Amino acid sequence: MDIVIVGAGQAAASMAARLRAKGHEGAITVIGGETVAPYQRPPLSKAYLLGQMGLDRLLLRGADWWAEQRVALRLGEWVTAIDHAGHAVVTDKGRVPYDALALTLGAAPRHLPAAMGGDLDGVHVVRDLGDVGALAPQMQAGRRLIVIGGGYIGLEAAAVARKLGLEVTLIEAAPRILGRVAAPQTADMIRDLHRHHGVTILEDTAIARLTGKDRVDGVQLADGRHLPADLVIAGIGVTPRTDLAEAAGLHLDNGIAADELGRSSDPAIWTAGDCASFPHAGGRIRLESVGNAIDMAECVADNMLGAGRVYQARPWFWSDQFDAKLQIAGLGTGYDRIVTRPGDGAHGGSVWYYADGRLIAVDALNDARAYMIGKRLIEAGKSPDPQAVREAANLKELM
């Protein structure tokens, strides 16, 4: 069986490795539009942007591994269509036949509309090596940076910029930062951390447009204020890459819709990672995380080989900001009760999410013990009494 994987990121690398580890002897081909072998994306907005990590450490596998595992990397090549009847993908360099096809296409950053000045020089996004390559030389001490968007990418970019000596203002249109992904208590800890390090945070603040003739020189706010800027980073989220799947007639539902095994509406086509949605807890979700990319890709690899294994997500995430680490276990959506515990330092603590008396997520800032115990409890289906969480002298008692 010849397997083709389209999209050369974390999910593709994990899938190829799993296929070989499980004894697949057929051809494996990975096709990616970037000219670099699969690499880690999370460090791009952190250590790599800071200059603390080189490309060699960013790569997921060395060139010798791909050769030894007989995985053909076709980089700098774009798939333009899927030929169902012919069981082949069409690229800008020819046709590649497959017996089984996996779409691990990832997600694309949202850009500000050109009508708002989103196409001006000096306006950046942070998603891939090309984005960071364009941004890094602009991150010079003393410059004024405006970050639009108070999610994790925007906050991480703001933290890096402050460490590099830029003046940073972060603008969030919603009533608070992290509005879609975290409880107010977690947002409070992160806001305090950033303000302590000199980031100006403007919440509940809408922008009208970016200003400048050819290059951005500021941001016009909806309330009439004008904030001068030397550069702007748009951290306003991502959208799953579904164009190829849509053109091929695959079913879409918040991404490429997969069944519980990771198979798309075409039985010969599978999907995993940021581009894929899948059944979860009676509904359907799509996760943008390294953990999901790895776990789902490995499950899909198993199922390509006939395992019939239902994918059960165990969500976990992390975010490095300044010298603090936020670790998240579970999904906090739909919570009805929050319990907080203080941390040991000035910027730390944990936030425990409950829904109908069940522990569903934990956010831990500079509190690895709370994260690890919370994660173990959630994955084991155990829900300690909220009062016990608040009052426990030693979190191990909760186990």
Side-chain angles (χ1 to χ4, degrees), residues 1-20 22-34 38 70-108 238-280 284-288 292-293 295-311:
M1 179 171 63
D2 292 345
I3 295 174
V4 173
I5 303 170
V6 179
Q10 177 72 69
S14 298
M15 189 179 294
R18 182 74 163 200
L19 287 166
R20 287 297 187 230
K22 289 292 186 175
H24 178 63
E25 292 295 335
I28 302 174
T29 303
V30 175
I31 306 174
E34 291 185 80
R70 296 176 291 110
V71 176
L73 282 180
R74 297 178 62 145
L75 304 175
E77 185 168 355
W78 293 94
V79 174
T80 57
I82 299 171
D83 177 1
H84 289 271
H87 267 224
V89 294
V90 181
T91 81
D92 56 355
K93 297 181 181 178
R95 291 171 60 87
V96 185
Y98 65 81
D99 296 307
L101 173 64
L103 301 178
T104 59
L105 300 164
V238 299
T239 55
R241 295 186 186 273
T242 59
D243 291 354
L244 190 64
E246 184 175 14
L250 301 183
H251 181 59
L252 305 181
D253 185 350
N254 184 27
I256 303 170
D259 65 12
E260 60 187 8
L261 303 181
R263 196 191 303 260
S264 79
S265 54
D266 181 324
I269 302 177
W270 306 73
T271 185
D274 290 5
C275 68
S277 68
F278 55 90
H280 178 78
R284 176 169 289 274
I285 62 169
R286 185 177 59 82
L287 297 177
E288 299 162 8
N292 176 67
D295 293 346
M296 189 175 186
E298 291 183 346
C299 184
V300 166
D302 291 352
N303 292 334
M304 281 179 161
L305 302 180
R309 180 162 70 90
V310 172
Y311 178 53

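Being a predicted model, the structure only gives us computed values, none of them experimental.
- For the pairing with Val96, the side chain to side chain contact (heavy atoms under 4.5 Å, CB included) check across Val6, Val79, Val90, Ile31 returns one residue only, Ile31.
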Name each donor-acceptor pair under 3.5 Å that joins a side chain in residues 243-251 to protein atoms two or more places apart or in another chain, with its distance.
none

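- In this structure, Leu105 CG and Arg241 CZ are separated by 8.0 Å, a value rounded to the nearest 0.5 Å.
- Between atom CD1 of residue Ile5 and atom CD1 of residue Ile28 there is a gap of 6.0 Å, rounded to the nearest 0.5 Å.
- Using a 4.0 Å cut-off between charged nitrogen and carboxylate oxygen, Glu25 and Arg70 count as a salt-bridge pair.
- Side chains of Tyr98 and Asp83: a donor-acceptor N/O pair is absent below 3.5 angstrom, by distance only.
- In this structure, the separation between CG on Asp302 and CZ on Arg18 is 4.0 Å, given to the nearest 0.5 Å.
- Between Asp274 and Leu287, the shortest heavy-atom contact is OD1-O, 3.6 Å.
- Listed by chain and number, the residues in a side chain to side chain contact (heavy atoms under 4.5 Å, CB included) with Ala297 are Ala11, Ser14, Met15, Ala272 (sequence neighbours excluded).
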(request) Using the side-chain contact (heavy atoms from CB on, under 4.5 Å) rule, take Val30 and Arg74 through it: C-alpha gap first, then chi angles, then the decisive distance, then the call. (result) CA-CA 6 Å; Val30 175; Arg74 297 178 62 145; over 6 Å; no
(message) Using the rule given for side-chain hydrogen bond (donor to acceptor under 3.5 Å, both in side chains), can you reason through Asp99 versus His87, listing the C-alpha separation, both sets of side-chain angles and the distance that settles it, and then say yes or no?
(response) CA-CA 7 Å; Asp99 296 307; His87 267 224; 5.4 Å; no
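- Contact detail for Ala88 and Arg95: the closest heavy-atom pair is CB-NH2, 3.5 Å.
- Across every non-hydrogen atom of Met304 and Trp270, the tightest pair is CE-CD1, 3.6 Å.
- The two atoms that bring Gly9 and Pro38 nearest to each other are O-CB, 3.7 Å, heavy atoms only.
- Considering every non-hydrogen atom in both Cys275 and Pro240, the closest pair reads CA-CB, 3.9 Å.
- Judged purely by atom type and a 3.5 angstrom limit, Ser264 uses its side chain to pair as donor or acceptor with the backbone of Ile269.
- Looking only at side-chain heavy atoms (C-beta outward), Phe278 and Thr271 stay at 4.5 Å or farther from each other.
- Here the side chains of Glu34 and Leu75 are not in contact, with every heavy-atom distance at 4.5 Å or above.
- The line from CG of Leu101 to NE2 of His84 is 9.5 Å long, rounded to the nearest 0.5 Å.
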Donor-acceptor pairs under 3.5 angstrom involving side-chain atoms of residues 253-260: please list them, not counting sequence neighbours.
| residue | atom | partner | partner atom | Å |
| --- | --- | --- | --- | --- |
| Asn254 | OD1 | Arg286 | NE | 3.3 |
| Asp259 | OD1 | Leu261 | N | 2.9 |
| Asp259 | OD1 | Gly262 | N | 3.0 |
| Asp259 | OD1 | Arg263 | N | 2.9 |

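- Between Arg20 and Gly26 the shortest heavy-atom distance is NH1-O, 2.8 Å.
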